[in-house]
Amino acid sequence: MNSNDRNDQPSAGETVRVPLGERSYEIEIGSGALARVGEVARRVFGPKAARLAIISNPVVDRHYGESVSRALRRTGFKTVKYLIGDGERAKSVRTAEKVWDFLIENRIERREGIVALGGGVVGDLAGFVAATYQRGIPFLQIPTTLLAQIDSSVGGKTAVNSPRGKNLIGSFHQPVGVVIDPIVLRTLPAREFGAGMYEALKYGIIRDRQLADFIAANLAAIKRLDDQPLTHLIARCCQIKADVVAADEREGGLRRILNYGHTVGHALEAVTSYRRLKHGEAVGYGMICAARLATGLGILTAAEAETIREQTEMIGRRPAIGDLDAAEVIAAMAHDKKVAHGRLPFILPTTIGNVVVRDDLPPTLIRTTIRQLIRQY
Ligand code: NAD
Ligand code: GLY
């Protein structure tokens, strides 16, 4: 498929299975999927579930709240709704407490459930509440940002932030299903879409060279939200995430590769107080940096690192980081929750499509490469 093949015909849709034994579930992807959410909810919550609590935020609710409620009513559910604030600050224990109270007041029972309608903030918070309310109730993910559709809604990581750090309080709790409607991305701000695209490219670099090439060849069509390339992109990313999670649900080994670009990315977010860069944008810088570290170690050719830089830069511009202090960025990396026994793991490509985990990088290589990144951008 190339970028000139504009096609507005809805695709048939795709289903990706996350095989996790009795916690297995399906990700349904397709234009118009939102209208079919009632049938999916009936299947995953079962014939006896009478009520569902929708958790969303005011922005997403304004666009999609009514159509989701209507679709759920059509298959016999009564719904109650709680709207959390918009933005990362809402992903807190305080918000979780308000939602727990709401569920208790509305007498939501164990065999009923939660529907998370929104981006990663809503999904992580709603998932955390579902993991903890009455020792765990089922929840259905309806992700509405590209990042949530290809990453956060799949795999069962749920969390809220502590004032001392992001995602420090959480639990693994798999959803009972994920419904992805690419049409909802039409209302997503372009910068949020771009942030998700860095994470999409990440999957290509860690596992699937063809995917990285597909993104590069079809970027214009994907950005125009042409149905076929967009649905294919989302499905392929979900398949890769499903494969990795199925092999290593609790991040004992393989799942760490999903953190490609995140060691430096998290540090850039932290030193800019989580205000300047979207998470995906920080990961974009982190991917370029990790590729250069790999070249410095002699495990990736300079030509491959350059391709990774080009493919990352094609996605769009990120806020500048030229004013940052390299020493502060390195200090922030040392606080990363991935540090184990004082060693900082990096996910490093050996070719586009393959990565290794290394925690033995010479400090001088890290320093030089971060300084170079900051000078350049
Ligand atoms: P977000 O949830 O804050 O959404 C971004 C913005 O887009 C918000 O203002 C939101 O209201 C708006 N929005 C959402 N859908 C929209 C739509 N269809 N139309 C218009 N506006 C819309 O941000 P995000 O990037 O989706 O998620 C970030 C969060 O995800 C972070 O908290 C991060 O820690 C978490 N995350 C979790 C995992 C995981 O595995 N659980 C993985 C990656 C990221
Ligand atoms: N976003 C990384 C993971 O789900 O493991």
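Here the structure is a predicted model, which is why all the values come from computation and not from measurement. Numbering of ligands and ligand atoms starts at 1, following listing order.
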Tell me the contacting part of Lys278 for ligand 1: side chain, backbone, both, or neither, using a 4.0 Å heavy-atom threshold, strictly below.
neither

Could you tell me the residue and atom name of the protein heavy atom closest to atom 1 (N) of ligand 2, and the distance to it rounded to 0.1 Å?
Asp151 OD1, 3.1 Å

Are any side-chain N or O atoms of Asp248 and backbone N or O atoms of Gly253, one a donor and one an acceptor, separated by less than 3.5 Å?
yes

Under 3.5 Å, is there a donor-acceptor pair between the side chain of Lys241 and the main chain of Ile150?
no

Can Lys241 be said to touch ligand 1, with heavy atoms closer than 4.0 Å?
yes

Does Asn167 approach ligand 1 within less than 4.0 angstrom via side chain, backbone, both or neither, non-hydrogen atoms only?
side chain

Sidechain-backbone polar pair: Glu199 side chain, Leu147 backbone, donor-acceptor under 3.5 Å
no

Could you tell me whether Lys202 and ligand 2 have an N or O pair separated by under 3.5 Å?
no

Between Thr144 and ligand 1, which part of the residue brings a heavy atom under 4.0 Å of the ligand: side chain, backbone, both or neither?
both

Assess the side chains of Asn259 and Glu251: does a donor N or O sit below 3.5 Å from an acceptor N or O?
yes

Atoms of ligand 2, numbered as shown, that sit under 4.0 Å from any heavy atom of Glu251
5 (O)

I'd like to know if the side chain of Lys91 and the backbone of Asn167 have a donor-acceptor N/O pair within less than 3.5 Å.
no

Would you say atom 10 (C) of ligand 1 touches the protein, meaning some protein heavy atom is under 4.0 Å from it?
yes

Below 3.5 angstrom, do we get any N/O pair linking Asp86 and ligand 1?
yes

Part of Lys91 with heavy atoms under 4.0 Å of ligand 1, whether side chain, backbone, both or neither:
side chain

I want to confirm something. Looking only at heavy atoms, which of Leu125, Val283, Thr187 is nearest to atom 17 (C) of ligand 1?
Thr187

Decide whether an N or O pair under 3.5 Å exists between Lys157 and ligand 1.
yes

Close-contact set for ligand 1 against Asn57 heavy atoms, below 4.0 Å
10 (C), 11 (O)

Which part of Glu199 is near ligand 1, with near meaning a heavy atom under 4.0 Å away: side chain, backbone, both or neither?
neither

Of the listed options Ala159, Ala148, Gly120, closest to atom 28 (C) of ligand 1 (non-hydrogen atoms)
Gly120

Indicate yes or no for a side-chain donor-acceptor contact from Gln311 to the backbone of Ile308 under 3.5 Å, with no hydrogens or angles considered.
no

Is there a polar contact, in the sense of an N or O pair closer than 3.5 Å, between Glu88 and ligand 1?
yes

Verify the distance criterion only: is there a donor paired with an acceptor across the side chains of Glu249 and Gln174 at less than 3.5 Å?
yes

Heteroatom distance test (Leu185, ligand 1): nitrogen or oxygen, under 3.5 angstrom
no

ring-ring contact (aromatic ring centres under 6.0 Å, His included) between Phe139 and His173, worked out
CA-CA 9 Å; Phe139 82 116; His173 185 59; 5.6 Å; yes

May I ask you to check if Arg42 and Phe77 form a cation-pi contact, with NZ or CZ under 6.0 angstrom from the six-membered ring centre and within 45° of the axis?
yes

Go through ligand 1 atom by atom and flag the ones less than 4.0 Å from a non-hydrogen atom of Lys166.
31 (C), 33 (C), 34 (O)

Cation over ring face, Arg318 and Tyr377, 6.0 Å, 45°:
yes

Evaluate Arg343 against Asp360 for salt bridge (charged side-chain N to carboxylate O under 4.0 Å, His left out), listing each step before the verdict.
CA-CA 7 Å; Arg343 298 176 83 108; Asp360 58 346; 5.8 Å; no

Leu147, Leu146, Val160: member with heavy atom nearest to atom 25 (O) of ligand 1:
Leu147

Closest heavy-atom contact between Thr95 and Ala90?
OG1-O, 2.7 Å

Of all the atoms in ligand 1, which lie at a distance below 4.0 Å from a heavy atom belonging to Tyr64?
18 (N)

For atom 1 (P) of ligand 1, which protein heavy atom lies nearest, and how many Å away is it?
Val121 CG2, 3.9 Å

Which is closest to atom 4 (O) of ligand 1 in terms of heavy atoms, Ile183, Asp124, Thr145?
Thr145

Glu39 and Arg43 ion-paired at < 4.0 Å:
no

Please check this pair: side chain of Arg276 against backbone of Ala320, looking for a donor-acceptor N/O pair closer than 3.5 Å.
yes

Atom 38 (C) of ligand 1: nearest protein contact (heavy atom, Å):
Ser152 CB, 3.2 Å

Would you please say whether a donor-acceptor pair under 3.5 Å links the side chains of Tyr82 and Ser56?
no

Given that the side chain starts at C-beta and the backbone is N, CA, C, O, which of these parts of Glu192 lies under 4.0 Å from ligand 1, counting heavy atoms, or is it both or neither?
side chain

Pick from Lys241, Arg250, Lys157, His262: the one approaching atom 4 (O) of ligand 2 most closely through a non-hydrogen atom
Lys241

Quick one: does Thr312's side chain have a donor or acceptor within less than 3.5 Å of a partner on Tyr285's backbone?
no

Determine whether the side chain, the backbone, both or neither of Leu188 has a heavy atom under 4.0 Å from any heavy atom of ligand 1.
both

Please identify which atoms of ligand 1 are closer than 4.0 Å to at least one heavy atom of Asp151.
42 (C), 43 (C)

Can you list the steps and then say if Arg309 with Glu304 is a salt bridge (charged side-chain N to carboxylate O under 4.0 Å, His left out)?
CA-CA 9 Å; Arg309 182 195 64 74; Glu304 287 279 86; over 6 Å; no

Using every non-hydrogen atom in the two residues, find where Tyr25 and Val176 come nearest and quote the distance to one decimal.
CB-O, 3.4 Å

Please report which non-hydrogen protein atom sits nearest to atom 5 (O) of ligand 2, along with the residue it belongs to and the distance in Å to one decimal place.
Arg255 NE, 2.7 Å

Looking at ligand 1, does any of its N/O atoms fall within less than 3.5 Å of an N/O of Val154?
no

Contact (N/O only, under 3.5 Å) between Pro189 and ligand 1
no

Within ligand 1, which atoms have a heavy atom of Gly119 less than 4.0 Å away?
2 (O), 26 (O)

